[in-house]
Amino acid sequence: MSRYIIEGGHPLCGELSINGAKNAALPLLAASLLTDQVCRLTNVPKIADVQTMIELMSLLGAKISWQGDEVLLDSSTLQNNILDQSLVRKLRASILLVGPLLARFGEVKIPYPGGCLLGRRPLDTHFQAFEDLGCEVKYEQDCFVIKRHAQPKPRIFLKEASVTASENALMAAAFLSDEIELRNMASEPHVANLGQALMQMGVKLEGNSTNFVRIKG
């Protein structure tokens, strides 16, 4: 059996660079698809999940480059709304691309996301949010097809305070001219970080970092 032997009593010293959080970086990368302007994200962790997200976005037509720990993103050339199956199945957070792609194209096709297995993690709250925002969700030929087809509800209550579903709802609502109330939102710091980025993009948002948000794109 493997084991660790820890001998204490020695002072710690040295320097360590603290990277940005993966759970903050991934929704911010996805949010860059909402604008035709070049976005610059700093202190981005260069880890496998981030690299997979960037590869997915590149296949959609975005131009992305690294400069040290900074990422430059140009989504003005975005031309595809079908997410690559092999990459989606590597990354649970690929579901975060649905909200911005809905905003840009009005329709998205995505296989069931894979990635880490932390118990049962259904996508029901994401789909409920999309449906309440005026979308139709169908399962066809091994992928979900989410298409905008109706007016959004003015008030939406998420069935659970899911972090990624909250982030998806914010991004999907970012292009709507209607004012939308989103209730039972997750209020973790990286959700608030995304809200701050959307406001910098020009989205009107009240209640950032709380469970009750008003948003108008």
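Worth saying up front: this structure is predicted, and the values here are computed from it rather than measured.
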Query raised in the report: Looking at Ile82, Ile54, Leu87, which hits side chain to side chain contact (heavy atoms under 4.5 Å, CB included) with Leu59?
Result: Leu87

Report summary line: Between the CD1 atom in Ile5 and the CZ atom in Arg3, the distance rounded to the nearest 0.5 Å is 4.5 Å

Requested in this report: Taking all non-hydrogen atoms of both residues into account, name the closest pair between Leu34 and Pro100 and its distance.
Outcome: CD2-CA, 3.7 Å

Report task. State whether the number of non-hydrogen atoms from other residues, nucleotides or ligands found under 6.0 Å of Glu140 atom CD is greater than 12. Result -> yes

Requested in this report: Report yes or no: does Ser75 contribute a side-chain atom to a donor-acceptor pair with the main-chain N or O of Ser32 at less than 3.5 Å?
Outcome: yes

**Report entry** Same apolar cluster: Leu205 and Leu176, side chain cutoff 4.5 Å
**Finding:** yes

Query raised in the report: Applying the 4.5 Å side-chain criterion to the ILVMFWY set and letting contacts propagate, would Ile110 and Tyr112 be lumped into a single cluster?
Result: yes

Report summary line: Minimal heavy-atom distance between Lys159 and Gln128, with the atoms involved, is N-OE1, 2.9 Å

Query raised in the report: With a 4.5 Å limit on heavy-atom distance, are the side chains of Leu33 and Met171 in contact?
Result: no

Query raised in the report: In terms of heavy-atom contacts, does CD of Gln37 have more than 12 from other residues, nucleotides or ligands at under 6.0 Å?
Result: no

**Report entry** Side chain Asn211, main chain Asn184, donor-acceptor under 3.5 Å
**Finding:** no

**Report entry** Met57 versus Leu29, closest heavy-atom pair with distance
**Finding:** CE-O, 3.0 Å

Query raised in the report: Any side-chain donor paired with an acceptor under 3.5 Å for Asn168 and His126?
Result: yes

**Report entry** Asp74 side chain vs Ser76 backbone, donor-acceptor pair below 3.5 Å
**Finding:** yes

Requested in this report: Walk me through it: do Leu83 and Leu60 pass the test side chain to side chain contact (heavy atoms under 4.5 Å, CB included)?
Outcome: CA-CA 7 Å; Leu83 292 160; Leu60 296 172; 3.9 Å; yes

Query raised in the report: side chain to side chain contact (heavy atoms under 4.5 Å, CB included) between Asp49 and Arg92: does it pass, once the steps are laid out?
Result: CA-CA 9 Å; Asp49 281 1; Arg92 173 81 184 179; over 6 Å; no

Query raised in the report: NZ of Lys216: more than 12 outside heavy atoms within 6.0 angstrom?
Result: no

Query raised in the report: Any donor-acceptor pair under 3.5 Å linking the side chain of Ser166 with the backbone of Ala186?
Result: yes

Report task. Check the pair Lys63, Leu72 against side chain to side chain contact (heavy atoms under 4.5 Å, CB included), reporting the backbone distance first and the verdict last. Result -> CA-CA 8 Å; Lys63 296 178 181 177; Leu72 295 178; over 6 Å; no

Query raised in the report: Is there a side chain to side chain contact (heavy atoms under 4.5 Å, CB included) between His190 and Glu167 once you walk through the steps?
Result: CA-CA 9 Å; His190 35 282; Glu167 292 165 341; 3.8 Å; yes

Query raised in the report: Would you say Asp132's side chain and Lys153's backbone share a donor-acceptor pair under 3.5 angstrom?
Result: no

Report task. Say whether, by atom type as modelled, one donor and one acceptor occur between the side chain of Arg214 and the main chain of Glu179 under 3.5 angstrom. Result -> no

Query raised in the report: Going only through I, L, V, M, F, W and Y residues with side-chain contacts under 4.5 Å, is there a path from Val145 to Phe105?
Result: no

**Report entry** From Asp36, Asn81, Thr35, residue fulfilling side-chain hydrogen bond (donor to acceptor under 3.5 Å, both in side chains) relative to Arg104
**Finding:** Asp36

Query raised in the report: Side-chain heavy atoms under 4.5 angstrom apart, residues restricted to Ile, Leu, Val, Met, Phe, Trp, Tyr: same cluster for Leu123 and Phe157?
Result: no

